[in-house]
K.L.:
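After the structure tokens below, expect a handful of questions from me.
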Amino acid sequence: MKTKAAVLHGPNQEWQIEEVELGDPVAGEVQVRLAASGLCHSDHHLRTGQSPAPFPVVGGHEGAGVVVKVGEGVTRFAEGDHVVTAFIPACGVCEPCSRGAQNICDEGAGLLTGLSISDKTHRITQGDTGLTPMCLLGTFSPYITVNEASLVKIEDDIPLQAAALLGCGVATGWGSASEIGGTRPGDTVVVVGIGGVGINSVQGAKAAGARHVIAIDPVAFKRDMAEKLGATHTFESMEAATPVVNELTWGKMAHTVVLTVGEMKGEYIAPAAAMTAKGGQVIVVGMGDYAAMDVKLNLFELTLLQKRIQGAIFGGAGPRTQIPKLCNEYRAGQLNLADLVTQTYRLEDINRAYDDMLDGNNIRGMVVFDEADW
Ligand SMILES: NC(=O)c1ccc[n+]([C@@H]2O[C@H](COP(=O)([O-])OP(=O)(O)OC[C@H]3O[C@@H](n4cnc5c(N)ncnc54)[C@H](O)[C@@H]3O)[C@@H](O)[C@H]2O)c1
Ligand SMILES: [Zn+2]
Ligand SMILES: [Zn+2]
């Protein structure tokens, strides 16, 4: 079918709204009509060239919608089902999936190749050119055709626009504090960078029973939102927060420091580790340049105070366990989804939407699709 998509043709270019050809689902695939797509910072890393993916690229990896077609052999999804996209596929049978670590599924190796899991060909084309859908999804388009490993079915009572956020920002942020971050009642948790991901680390830490939830962001509006959604203290920088974390914890410091800054840099590790308690951990969620190697870190303290520096993808939990769980947290009133989307946009306004993200105007911006797009 012909549809439209936001396409990047090279680094540091604008998103272009163009006509593309979207293939029908082959064996193991599903076509979805999307209701919405969140605007995550990770798509911006494609634009800056910091995440390497073969151009042209169709952005977007945080969507929800309704199944419109299923390919041969698909038994888990049927037309009309409501689904959330999982930015990391979960095949269910590889070694990591088999031991419950679906967020590091072996199919993740192909995440930025553009080649579909089912038959290793391109599902989105322009003439003879194959396009790379971000995370094998490409949700900056009203329709996607993706492998069933990249979808999670949800019940119909969750509004699809809210559900879209579960596909990346909410699951990633929440899990980074409460799952891989291991927050327990009474803990002190610091979250650095309050965007669409970090705000959900604040929510996850609060729900896990943290006593102090300290949110750090240079933008005042972000700090206000963090307070609204569960932060007990806010600061504009790690340097400003450190002496207060020391005071609040009687020198013990934070059990978990979650780094959810928009662009990760090696220089953030040392101040984050300095805020971390003995036996505590720094959870690195933010992404930077794929070739960046340099980190400053006090190795003496790392060893003797038994600290951990822990990378985290999808909050350290699998999409098939985490997305239904987050639906229940939403139903129970523990997870606020309504206030996360601070502005909606049409796909055609996507460059303005990303300018707004970079200017600090949004917690999460969201592209909403309707009859005019379908
Ligand atoms: N690991 C994963 O699974 C995963 C998933 C999604 C996104 N990400 C990454 O997480 C990061 C955050 O994504 P997002 O969509 O929330 O981005 P965002 O742009 O919405 O938010 C980033 C926030 O960080 C703040 N910030 C920037 N520098 C800071 C600093 N030095 N100290 C404190 N705050 C600072 C900004 O003001 C902004 O509010 C990005 O790098 C993204 O690529 C990782
Ligand atoms: Zn994302
Ligand atoms: Zn797998």
Side-chain angles (χ1 to χ4, degrees), residues 37-46 48 50-51 59-63 85-109 111 117 134-135 137 139 147 149-150 164-165 167-173 175-176 180 190-201 215-223 225-226 234-241 258-265 267-268 271-272 283-290 310-320 340 342 353-354 356-365:
S37 173
L39 298 161
C40 178
H41 203 114
S42 297
D43 297 290
H44 185 70
H45 294 312
L46 295 168
T48 58
Q50 289 178 313
S51 283
H61 62 279
E62 188 181 86
T85 60
F87 79 78
I88 178 91
C91 78
V93 294
C94 71
E95 188 270 332
C97 279
S98 301
R99 62 180 159 84
Q102 298 205 334
N103 61 314
I104 49 170
C105 171
D106 285 349
E107 293 294 351
L111 218 57
I117 292 171
M134 171 59 160
C135 294
L137 295 167
T139 59
N147 193 277
S150 297
L165 300 171
C168 178
V170 174
T172 300
S176 295
I180 201 160
V190 177
V191 182
V192 188
I194 308 298
V197 175
I199 193 77
N200 294 299
S201 299
I216 299 174
D217 200 291
V219 180
F221 156 68
K222 309 285 195 145
R223 299 197 295 272
M225 285 297 285
T234 59
F235 297 94
E236 71 279 7
S237 68
M238 287 193 263
E239 290 66 29
V258 187
L259 283 172
T260 45
V261 295
E263 187 187 334
M264 186 60 203
K265 293 182 181 153
E267 71 207 46
Y268 297 150
I283 306 288
V284 183
V285 182
M287 289 168 50
D289 194 283
Y290 72 97
Q310 170 73 57
I313 182 161
F314 209 85
R320 267 177 233 301
L340 298 181
T342 41
Y354 270 104
D356 282 341
M357 182 195 79
L358 296 171
D359 290 344
N361 295 333
N362 282 333
I363 289 295
R364 196 50 126 205

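Side chains included, hydrogens not; waters and symmetry mates left out as well; all remaining heavy atoms used. Both counts, for ligands and for their atoms, begin at 1 and track the order of listing. Quantities reported herein were computed from a predicted structural model and do not represent experimental measurements.
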K.L.:
Counting both backbone and side chain atoms, is some N or O of Gly315 under 3.5 Å from an N or O of ligand 1?
P.N.:
no
K.L.:
Which heavy-atom pair separates Thr139 from Ser37 by the least distance, and what is that distance?
P.N.:
OG1-OG, 2.8 Å
K.L.:
With heavy atoms of Val192 as the reference, note each atom of ligand 1 found under 4.0 Å away.
P.N.:
32 (N), 33 (C)
K.L.:
From the options Asp217, Ile199, Leu39, select the one whose nearest heavy atom is closest to atom 25 (C) of ligand 1.
P.N.:
Asp217
K.L.:
Less than 3.5 Å between some nitrogen or oxygen of Gly196 and one of ligand 1, yes or no?
P.N.:
yes
K.L.:
Residue-level breakdown please: for Phe314 versus ligand 1, do any non-hydrogen atoms fall below 4.0 Å on the side chain, on the backbone, on both, or on neither?
P.N.:
backbone
K.L.:
Tell me the nearest of Pro218, Gly38, Gly311 to atom 34 (N) of ligand 1, using heavy-atom distances.
P.N.:
Pro218
K.L.:
Identify the closest protein heavy atom to atom 9 (C) of ligand 1: which residue and atom is it, and at what distance?
P.N.:
Val285 O, 3.7 Å
K.L.:
Identify which of Asp359, Asn103, Leu259, Thr172 has a heavy atom lying nearest to atom 5 (C) of ligand 1.
P.N.:
Thr172
K.L.:
For the Zn ion (ligand 2), does an N/O/S atom of His61 lie at less than 2.8 Å?
P.N.:
yes
K.L.:
Given the Zn ion (ligand 2) as the apex, I'd like the angle to SG of Cys40 and SG of Cys168, rounded to 10 degrees.
P.N.:
130°
K.L.:
Test your reading of the structure: does Ala312 have an N or O sitting under 3.5 Å from an N or O of ligand 1?
P.N.:
yes
K.L.:
Of the protein's non-hydrogen atoms, which lies at the shortest distance from atom 40 (C) of ligand 1, and what is that distance?
P.N.:
Gly262 O, 3.2 Å
